[in-house]
Amino acid sequence: GGLNDVYNDSFNYGAALKGMNNFYLKVVPKKTSSISVKFETKEKADEELNKVYQQLTGVLNDDQKSKLTASQKSWLDYRDSEFKFLNSIFFIKDIPNSTEISDRFSEKYKIKVIENRINELNSYKEQKEKKGTVKLDETEINKQKENLKQRYATLLTHLSGDSLQLMKDSETKWSAFADSDLTFVQSLSAILVEGETSQFSMGFEPYSIRLKMLQVYDDILF
């Protein structure tokens, strides 16, 4: 009824708060996650990602650069698909500007997706700059794969409709990215030559990072 209702103490605060609370419950998942991010916006996170990517390419040979480029393209495909899944979590039918609402509530999780990639690339850069020979920990990688498979299967049982299909699409593209990224990481590794004593084991973080993100989705939704 306008501000006059407030000035005249005739504004129905109880009804307004109830309506706001009901709307909030429809938009925001019933559970919250302790997820935290460093960057305030996706744009700022993207700026850092591009910076780190350029730094990494600066210490690679031509073959490694080619493999990293392929990996990054696969990651971008996965990122776009993952963002669509996140939009579906917060999307409300028959609500004006629901896309805007979805973007606002899912922003933090989208930033986390980008930050995860930043951390991966930084890790590769640090490993590339180390002196010695890198050896992939295949046992740990296989263990992470199995844990991820189980977590993904559990999440799918909690999804339905558009969210279910979008998560399946996202996981397919993530798997393609993981395979491509592993090929790149393998190009950083080498066989220990005779007489060489400096060797360190290198894990493959995308599997464990993906596992944590799927757990976050489970937590915020159920």
Side-chain angles (χ1 to χ4, degrees), residues 35 37-39 41-89 99 102-103 106-130 134 136-138 140-142 144-145 148-149 151-152 155-156 162-190 202-214 216-217:
I35 190 172
V37 294
K38 175 181 177 181
F39 298 93
T41 64
K42 297 190 300 293
E43 290 73 22
K44 290 183 178 180
D46 278 333
E47 288 179 7
E48 180 66 16
L49 176 61
N50 291 331
K51 176 182 175 182
V52 173
Y53 179 82
Q54 293 301 323
Q55 290 175 341
L56 177 56
T57 57
V59 297
L60 301 176
N61 59 38
D62 290 343
D63 178 64
Q64 292 165 345
K65 287 180 182 179
S66 176
K67 289 181 170 59
L68 176 63
T69 298
S71 172
Q72 191 67 2
K73 287 181 178 179
S74 294
W75 180 82
L76 291 172
D77 287 341
Y78 146 68
R79 179 204 62 185
D80 293 344
S81 182
E82 191 82 346
F83 283 7
K84 290 178 182 179
F85 166 72
L86 283 166
N87 285 341
S88 74
I89 294 177
T99 301
S102 171
D103 287 340
S106 62
E107 174 89 354
K108 188 175 182 180
Y109 303 98
K110 293 175 181 177
I111 293 173
K112 191 65 176 180
V113 170
I114 301 172
E115 287 188 354
N116 286 339
R117 184 56 174 165
I118 292 173
N119 293 335
E120 289 166 3
L121 296 183
N122 269 324
S123 175
Y124 298 155
K125 181 174 178 291
E126 292 173 1
Q127 291 163 348
K128 177 64 178 177
E129 293 173 341
K130 286 183 178 180
V134 175
L136 281 171
D137 190 340
E138 298 290 347
E140 180 62 23
I141 289 176
N142 291 332
Q144 291 177 5
K145 282 183 177 181
L148 179 59
K149 181 179 179 181
R151 168 50 58 192
Y152 174 64
L155 178 61
L156 289 186
D162 291 342
S163 294
L164 175 61
Q165 186 57 52
L166 287 169
M167 171 47 66
K168 288 182 177 180
D169 292 342
S170 181
E171 189 65 15
T172 297
K173 291 182 179 179
W174 182 88
S175 296
F177 151 67
D179 290 342
S180 180
D181 209 44
L182 184 57
T183 298
F184 162 69
V185 173
Q186 288 171 336
S187 74
L188 301 179
S189 64
M202 182 171 74
F204 187 58
E205 292 300 319
Y207 289 111
S208 60
I209 289 175
R210 181 62 170 168
L211 180 66
K212 291 178 183 177
M213 287 303 294
L214 294 187
V216 166
Y217 297 154

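Note that the structure is a prediction, hence the values are computed from the model and not measured.
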TODO: Go through the steps for Asp63 and Lys67 under the test salt bridge (Lys or Arg N to Asp or Glu O under 4.0 Å), then give the verdict.
DONE: CA-CA 6 Å; Asp63 178 64; Lys67 289 181 170 59; 2.7 Å; yes
Task: Val185/Gln127 under side-chain contact (heavy atoms from CB on, under 4.5 Å): CA gap, chis, key distance, verdict - done: CA-CA 10 Å; Val185 173; Gln127 291 163 348; 5.6 Å; no
Open item on the list: Determine whether Glu120 and Arg117 satisfy the following criterion, salt bridge (Lys or Arg N to Asp or Glu O under 4.0 Å), listing intermediate values before the conclusion.
Closed with: CA-CA 5 Å; Glu120 289 166 3; Arg117 184 56 174 165; 3.0 Å; yes
- [ ] Test Leu49 against Trp75 for side-chain contact (heavy atoms from CB on, under 4.5 Å), laying out the working first.
- [x] CA-CA 12 Å; Leu49 176 61; Trp75 180 82; 3.6 Å; yes
Open item on the list: Working note: Tyr207 + Asp181, criterion side-chain contact (heavy atoms from CB on, under 4.5 Å); need CA distance, chi angles, decisive distance, verdict.
Closed with: CA-CA 11 Å; Tyr207 289 111; Asp181 209 44; over 6 Å; no
TODO: Decide yes or no on side-chain contact (heavy atoms from CB on, under 4.5 Å) for Glu43 and Asp46, but give the supporting numbers first.
DONE: CA-CA 5 Å; Glu43 290 73 22; Asp46 278 333; 5.6 Å; no
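Looking at every heavy atom in both residues, Ser163 comes nearest to Ile89 through OG-N, 4.2 Å. Heavy atoms only, all atoms of each residue included: Ile111 and Phe39 are closest at CD1-O, 3.5 Å.
Looking at Val52 and Lys125, their side chains never come closer than 4.5 Å, going by heavy atoms from C-beta outward. At least one side-chain heavy atom of Leu121 sits under 4.5 Å from a side-chain heavy atom of Leu68. With contacts defined as side-chain heavy-atom distances shorter than 4.5 Å, the pair Asn87/Ser106 qualifies. The closest side-chain heavy-atom distance from Leu188 to Leu60 is below 4.5 Å. Between Met213 and Tyr217 the shortest side-chain heavy-atom distance falls below 4.5 Å. Counting only heavy atoms from C-beta outward, the side chains of Leu155 and Glu171 never approach each other to under 4.5 Å. Thr69 places none of its side-chain heavy atoms less than 4.5 Å from the side chain of Gln72.
Salt bridge Arg210/Glu82: present, at least one basic N to carboxylate O contact under 4.0 Å. A salt bridge between Lys84 and Asp80 is absent, with no side-chain N of the basic residue lying under 4.0 Å from a carboxylate O of the acidic one.
Within a 6.0 Å radius of NZ in Lys168, other residues, nucleotides and ligands contribute 12 heavy atoms or fewer.
Under the 30°/60° scheme for interplanar angles, the aromatic rings of Phe177 and Tyr78 are found to lie parallel.
A donor atom on one side chain and an acceptor atom on the other are found under 3.5 Å apart for Gln165 and Asp169.
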